[in-house]
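All ligand and atom numbering here is 1-based and tracks the order in the structure.
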Amino acid sequence: MQNICQNVCKLTRQVGSFIKNEQLNFSSAKVEIKGKNDFVSYVDKAAEQKIIDGLSVLIPESGFIAEEGTSTKKGIEYNWIIDPLDGTTNFIHGIPCYAISIALMRNDKLILGVIYEINQDECFYAWEGSKAYLNEKEIHVSTTKILADSLLATGFPYYDYQYMEEYMELFKHFMNHTRGLRRLGSAATDLAYVACGRFDGFYEYSLSPWDVAAGAFIVQQAGGRITDFKGNEDYVFGKEIVAGNSAFFDEFLGAVKTYIN
Ligand code: IPD
Ligand code: CA
Ligand code: CA
């Protein structure tokens, strides 16, 4: 699995340099609208095709859950979960925070995660039984013990407003009781930053499996905790996630539960 992980990192660096290069001459005329505030371009699609071609060589019998639907092949045992470009809104606006996110599942279990943050040239990764790494250096979640000392990341609702009021009340609570909040615009990067201790925690709802699968796995291998908003395990397909270091997690999740659900 270590060998496969190294190859996935190499692949993300190759596809990352394609994405970075395309950004240089990118114009908004090339953007297609998938839904409200949901955008895509040939860059997302071409990147996904390159990723699927590369992963198909690594594990020929594997299947794919990929955002742009390039392949819907189902693997009996192994399935990749792919976001070829997480942070598309940043990409089309020329804001340099976007990433490639690739996870591997064996049956129902996550066994590998790679997130490549393209403009920082930072590759975060872990495989079954390993520590978590950033460009070959071991990483850990933060050691912050209380919410009052934490820096949090979130994603603002932008098309699904079902918890809008609750989200805003929770947001106010965190504005009052943490060091601050950030909205980077790439859930994969948010989770990678939790894994290496830059953020103490991250929460968001209305996410898809490709936004969170790799990051959730890497955070756990880095010593962190992940749940859905109820504190249960349904965070890959359940559309909501709370991630953080283990020391302050109960207090953090407690606040989320108090305001939402
Ligand atoms: C989005 C980003 C964003 C998050 C959205 C995601 P995309 O992914 O991760 O940070 O708030 O929920 O959909 O569309 O750029 O791949
Ligand atoms: Ca995404
Ligand atoms: Ca995407």
Between ligand 1 and [X], is the shortest N or O to N or O distance under 3.5 Å?
{"X": "S186", "result": "yes"}
{"X": "T89", "result": "no"}
{"X": "G155", "result": "no"}

What are the atoms of ligand 1, with element, lying closer than 4.0 Å to any heavy atom of [X]?
{"X": "R183", "result": "3 (C), 4 (C), 10 (O), 11 (O)"}
{"X": "L207", "result": "12 (O)"}
{"X": "G87", "result": "7 (P), 15 (O), 16 (O)"}
{"X": "A187", "result": "2 (C), 9 (O), 10 (O)"}
{"X": "G185", "result": "2 (C), 3 (C), 10 (O)"}

Have D149 and T144 got a donor and an acceptor in their side chains that come within less than 3.5 Å?
no
Is the distance from the ring center of [X] to that of [Y] below 6.0 Å?
{"X": "F26", "Y": "F91", "value": "yes"}
{"X": "Y167", "Y": "Y259", "value": "no"}
{"X": "F252", "Y": "F248", "value": "yes"}
{"X": "Y133", "Y": "W127", "value": "yes"}

Rounded to the nearest 10°, what angle sits at the Ca ion (ligand 3) between OD1 of D83 and O of L85?
80°
So for Y98 against ligand 1, with non-hydrogen atoms under 4.0 Å, the contacting part is neither
Which one holds for D83 and ligand 1: side chain close, backbone close, both close, or neither close, with close meaning a heavy atom under 4.0 Å?
side chain
Quick one: are L147 and F174 in side-chain contact, heavy atoms under 4.5 Å?
yes
Charged N to carboxylate O below 4.0 Å: is that the case for R225 and D250?
yes
Identity and separation of the nearest protein heavy atom to [atom]:
{"atom": "atom 11 (O) of ligand 1", "value": "E204 OE2, 2.5 Å"}
{"atom": "atom 13 (O) of ligand 1", "value": "Y158 OH, 3.0 Å"}
{"atom": "atom 8 (O) of ligand 1", "value": "D86 OD1, 3.0 Å"}

Tell me, which N, O or S atom in D211 is closest to the Ca ion (ligand 2)?
OD1
Output the atom name for the N/O/S atom of D86 with the smallest distance to the Ca ion (ligand 2).
OD1
Lys/Arg cation over aromatic F18: K50, 6.0 Å, 45° cone
yes
Could you check whether R198 makes a cation-pi contact with Y193, meaning its NZ or CZ is under 6.0 Å from the centre of the six-membered ring and within 45° of the ring axis?
yes
Could you establish whether F91 and ligand 1 come within less than 4.0 Å of each other, counting only heavy atoms on the residue side?
no
Could a heavy atom of L85 be found less than 4.0 Å from some atom of ligand 1?
yes
Would a distance-only check, ignoring hydrogens and angles, find a side-chain to backbone donor-acceptor pair under 3.5 Å from D190 to F202?
no
Do K131 side-chain atoms and I139 backbone N/O form a donor-acceptor pair below 3.5 Å?
no
Can you tell me which N/O/S atom of E67 has the shortest distance to the Ca ion (ligand 3)?
OE1
